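Numbering of ligands and ligand atoms starts at 1, following listing order. The chain is numbered in sequence order, starting from 1. Since this is a predicted model, take the numbers as computed values, not measurements.
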Amino acid sequence: MKSTGIVRKVDELGRIVLPIELRRTLDIEEKDSLEIYVDGSSIVLRKYQPACVFCDDASDVINYKGKTICRNCLRELGAL
Ligand SMILES: [Zn+2]
């Protein structure tokens, strides 16, 4: 894991601000969702990408009635 050299304080509600340079670099915009992982004593934040409910692929997905489905599975279902 690479250190950014950035130190941020946690506020009274447990929040931290992600530096704008990091958000730009990692293409994280306002209202984007981040998934929180734990690795030993480390907390890892990753941009949340919902995966297909059928095959777990996270690329080229659409949302249909609250479920995430990829184009390949849509095609197999005959929906495309
Ligand atoms: Zn799929």
Student: Locate the shortest heavy-atom distance separating Asp27 from Asp32; write the atom from each residue and the value.
Tutor: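 For Asp27 and Asp32, the tightest heavy-atom pair comes out as O-OD2, 3.7 Å.
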Student: Show me, pair by pair, the donor-acceptor contacts under 3.5 angstrom made by side chains of residues 12-26, not counting sequence neighbours?
Tutor:
{"residue": "Arg15", "atom": "NE", "partner": "Asp11", "partner atom": "OD2", "Å": "2.9"}
{"residue": "Arg15", "atom": "NH2", "partner": "Asp11", "partner atom": "OD2", "Å": "3.1"}
{"residue": "Arg23", "atom": "NE", "partner": "Leu18", "partner atom": "O", "Å": "2.7"}
{"residue": "Arg23", "atom": "NH2", "partner": "Leu18", "partner atom": "O", "Å": "3.1"}
{"residue": "Thr25", "atom": "OG1", "partner": "Glu21", "partner atom": "O", "Å": "2.6"}

Student: List the atom of Ser59, the atom of Cys70, and the distance in Å for their closest heavy-atom pair.
Tutor: O-CB, 4.2 Å
Student: Among the protein atoms near the Zn ion (ligand 1), how many are N, O or S and lie under 2.8 Å away?
Tutor: 4
Student: Suppose we screen for salt bridge (Lys or Arg N to Asp or Glu O under 4.0 Å). Which residues come up paired with Asp39, at least two apart in sequence or across chains?
Tutor: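 Result, salt bridge (Lys or Arg N to Asp or Glu O under 4.0 Å) vs Asp39: none returned.
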Student: Using a 4.5 Å cut-off between side-chain heavy atoms of Ile, Leu, Val, Met, Phe, Trp and Tyr, which other residues end up in the same hydrophobic cluster as Val44?
Tutor: Tyr37
Student: Which heavy atom of Val61 sits nearest to which heavy atom of Pro50, and what is that distance?
Tutor: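 Here Val61 and Pro50 meet closest at CG2-O, 3.8 Å.
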